[in-house]
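Since we're looking at a predicted model, the values are computed, not measured.
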Amino acid sequence: MRAALAPLRFACGLVLALGAPAAAEELHGPTPRIVIYPGDPITEDMLTDAPLSGSSGNGPLAMSVDDVLGMVASRTLLPGRSIPLAALSPPRLVRVGAKVRLLYVDGALTITTMGDALQDGVVGQTVKVRNEDSGVTLSGRVRSDGSVLVSGG
């Protein structure tokens, strides 16, 4: 067993003697220029490019501006600190109580009406809505334009 560990000890001693390899290039990424509060949509003027700090246990960090633009802060983001991806969420296109356009599509048939959102929702999420005309509660998938594609009730 000791003989098997000898090469490992030698390699560790060599690294200690020579020093750790020089850090490659310092990684840079988007960092808040100002305090960004929960619920704030993130825009380019709120960000600056700065060296990334360690993840500090918050998971992966945003590496490019494209990772954060258009997202919403789900917790307070402080200036000069790296942005954990877990602190971002997609914008809610549908909000509880808001009027939404409801679409029902069956082949060439498309029916459009208005309804009330009973849940918040982001693109692709299934939410409950109430048809304004009939009062029937339906489920539907939020589309990128903020409308809800519903199925039968």
Side-chain angles (χ1 to χ4, degrees), residues 4-105 110-132 137-151:
L5 294 177
L8 180 61
R9 283 191 190 134
F10 173 75
C12 290
L14 187 60
V15 168
L16 290 174
L18 298 176
E25 193 174 308
E26 190 173 36
L27 293 175
H28 284 253
T31 306
R33 179 186 313 261
I34 60 170
V35 176
I36 302 173
Y37 294 99
D40 287 351
I42 300 173
T43 60
E44 198 163 357
D45 62 328
M46 297 174 156
L47 303 171
T48 187
D49 188 52
L52 294 175
S53 60
S55 70
S56 68
N58 292 323
L61 301 174
M63 300 296 288
S64 76
V65 174
D66 293 336
D67 292 338
V68 297
L69 282 184
M71 298 295 272
V72 174
S74 55
R75 66 174 200 175
T76 302
L77 303 174
L78 300 173
R81 299 251 179 112
S82 298
I83 302 172
L85 292 177
L88 304 173
S89 60
R92 290 181 294 198
L93 296 178
V94 173
R95 297 205 178 250
V96 172
K99 299 285 184 202
V100 292
R101 188 166 52 107
L102 306 179
L103 295 170
Y104 176 83
V105 179
T110 301
I111 300 172
T112 304
T113 189
M114 294 302 290
D116 299 310
L118 302 177
Q119 295 176 304
D120 290 339
V122 299
V123 173
Q125 187 175 20
T126 299
V127 295
K128 290 187 184 275
V129 292
R130 181 178 300 117
N131 183 316
E132 200 173 67
T137 299
L138 306 163
S139 293
R141 190 166 302 273
V142 178
R143 297 171 18 131
S144 61
D145 62 359
S147 63
V148 177
L149 182 63
V150 298
S151 54

Would you indicate whether the side-chain heavy atoms of Pro38 and Thr76 approach each other to under 4.5 Å? yes

Looking only at non-hydrogen atoms, find the nearest pair between Pro51 and Ser82 and report the distance. O-OG, 4.3 Å

Apply side chain to side chain contact (heavy atoms under 4.5 Å, CB included) to the pair Arg141 and Val148, showing each step before the final yes or no. CA-CA 5 Å; Arg141 190 166 302 273; Val148 177; 6.0 Å; no

Rounded to the nearest 0.5 angstrom, the CG-CG distance for Leu77 and Asp40 is 9.0 Å

Non-hydrogen atoms of Leu93 and Arg143 that approach each other most closely: CD1-O, 3.6 Å

Determine, step by step, whether Arg101 and Asp145 satisfy the side chain to side chain contact (heavy atoms under 4.5 Å, CB included) criterion, reporting the C-alpha distance in whole Å, the side-chain angles of both residues, the deciding distance to 0.1 Å, and the verdict. CA-CA 10 Å; Arg101 188 166 52 107; Asp145 62 359; 3.0 Å; yes

Shortest non-hydrogen contact between Val94 and Ala117, atoms and distance: CG1-CB, 3.4 Å

Quick check: closest heavy atoms across Thr126 and Ser139, and the distance to 0.1 Å? CG2-CB, 4.1 Å

Is the closest side-chain donor-acceptor distance between Asp45 and Thr43 under 3.5 Å? yes

Out of curiosity, Ser64 OG to His28 NE2, how far, rounded to the nearest 0.5 Å? 14.5 Å

Less than 4.5 Å apart, side chain to side chain, heavy atoms only: is that true for Leu69 and Leu47? yes

In Å, rounded to the nearest 0.5 Å, how long is the span from CZ of Arg75 to CG of Leu88? 9.0 Å

Say whether, by atom type as modelled, one donor and one acceptor occur between the side chain of Asp120 and the main chain of Val96 under 3.5 angstrom. yes

Looking at Glu132, I'd like to know if its CD atom is crowded, meaning that more than 12 non-hydrogen atoms belonging to other residues, nucleotides or ligands lie closer than 6.0 Å. yes

Any side-chain heavy atom of Pro79 sitting closer than 4.5 Å to one from Thr31? no

Atom CD1 of Ile36 and atom CD1 of Ile42: how far apart are they, to the nearest 0.5 Å? 4.5 Å

In Å and rounded to the nearest 0.5 Å, what is the OH to CG distance from Tyr104 to Leu149? 10.0 Å

Please give me the minimum heavy-atom distance between Asp67 and Met71, naming the atom from each residue. O-CG, 3.7 Å

Inter-residue atom distance Asp116.CG - Arg130.CZ, 0.5 Å rounding: 6.5 Å

Side chain to side chain contact (heavy atoms under 4.5 Å, CB included) for Gln125 and Arg92? Distances and angles first, verdict last. CA-CA 10 Å; Gln125 187 175 20; Arg92 290 181 294 198; over 6 Å; no

